[in-house]
Amino acid sequence: AFAREFLSFLPLSSQQRQALLVKSGYLTELAVGDSSLIGCRYSSIAVATILFSISYLSFNDFKFLPSLSEFEKSLLSHFNIDIRSHEITKILDRLDHVYRSQTL
């Protein structure tokens with residue numbers, strides 16, 4: 001639910017939105033079941049999975065995606081979520097580690 005709401009702050013086509021929802025949904029399942037992320041807010045997990053998904057889905061369809069600065073400002077002003085926070089950085093690092101181990 002968080003991911004869908006947060007994605008409304010990005011100018012995406014319906015196809016891009018769907019691709020991000022699928023990828024972030026898979027990553028959310030990994031993150032929620034990860035004991036090292038117990039205690040992390042679900043909203044932080046959702047933001048981290050979106051950011052991670054964007055970085056992995058940055059193929060031709062996403063090449064025109066504008067800077068994430070507007071996304072960052074919107075999350076901060078509407079939800080008080082700082083994408084540069086320690087918690088989100090920790091989640092991103094863990095997702096990178098887990099996702100890479102799942103795909104190797």
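No hydrogens, no waters, no symmetry mates; every other heavy atom, side chains included, goes into these values. We're numbering straight along the sequence, starting at 1.
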Can you name the nearest heavy-atom pair linking [X] to [Y], along with the distance?
X     : Y     : value
Ser53 : Leu20 : CB-CD2, 3.6 Å
Ser8  : Arg17 : N-NH1, 3.7 Å
Ala48 : Leu92 : O-CD2, 3.3 Å
Ala46 : Ala3  : CB-N, 4.0 Å

How many angstroms lie between atom [atom1] of [X] and atom [atom2] of [Y], to the nearest 0.5 angstrom?
X     : Y     : atom1 : atom2 : answer
Ile81 : Ser74 : CD1   : OG    : 11.5 Å
Gln18 : Leu12 : CD    : CG    : 11.5 Å
Glu29 : Asp34 : CD    : CG    : 13.5 Å
Ser43 : Glu87 : OG    : CD    : 7.0 Å
Phe2  : Thr49 : CZ    : OG1   : 11.5 Å

4.5 Å side-chain heavy-atom contact, [X] and [Y]:
X     : Y     : result
Val98 : Arg94 : yes
Phe52 : Ile91 : no
Ile54 : Leu10 : yes
Asp82 : Ile88 : no

*Taking it one step at a time, do Phe71 and Ile50 satisfy side-chain contact (heavy atoms from CB on, under 4.5 Å)?*
CA-CA 11 Å; Phe71 181 60; Ile50 290 169; 4.2 Å; yes

*Residues in side-chain contact (heavy atoms from CB on, under 4.5 Å) with Lys73, at least two apart?*
Glu70

*Kindly say whether Cys40 contributes a backbone atom to a donor-acceptor pair with the side chain of Ser44 at under 3.5 angstrom?*
no

*Please check if Phe79 and Leu76 belong to a single hydrophobic cluster, counting links between Ile, Leu, Val, Met, Phe, Trp and Tyr side chain heavy atoms closer than 4.5 Å.*
no

*Quick one: do Leu37 and Tyr26 end up in the same hydrophobic cluster if we chain Ile, Leu, Val, Met, Phe, Trp and Tyr together by side-chain heavy atoms under 4.5 Å apart?*
yes

*I would like to know whether Arg84 and Glu72 meet side-chain contact (heavy atoms from CB on, under 4.5 Å); could you show each step before the answer?*
CA-CA 9 Å; Arg84 300 172 196 275; Glu72 180 178 4; 2.7 Å; yes

_Atom OH of Tyr42 with >12 non-hydrogen neighbours under 6.0 angstrom_ = no

*Quick one: sort the Phe9 and His78 rings into parallel, tilted or perpendicular, breaks at 30° and 60°.*
parallel

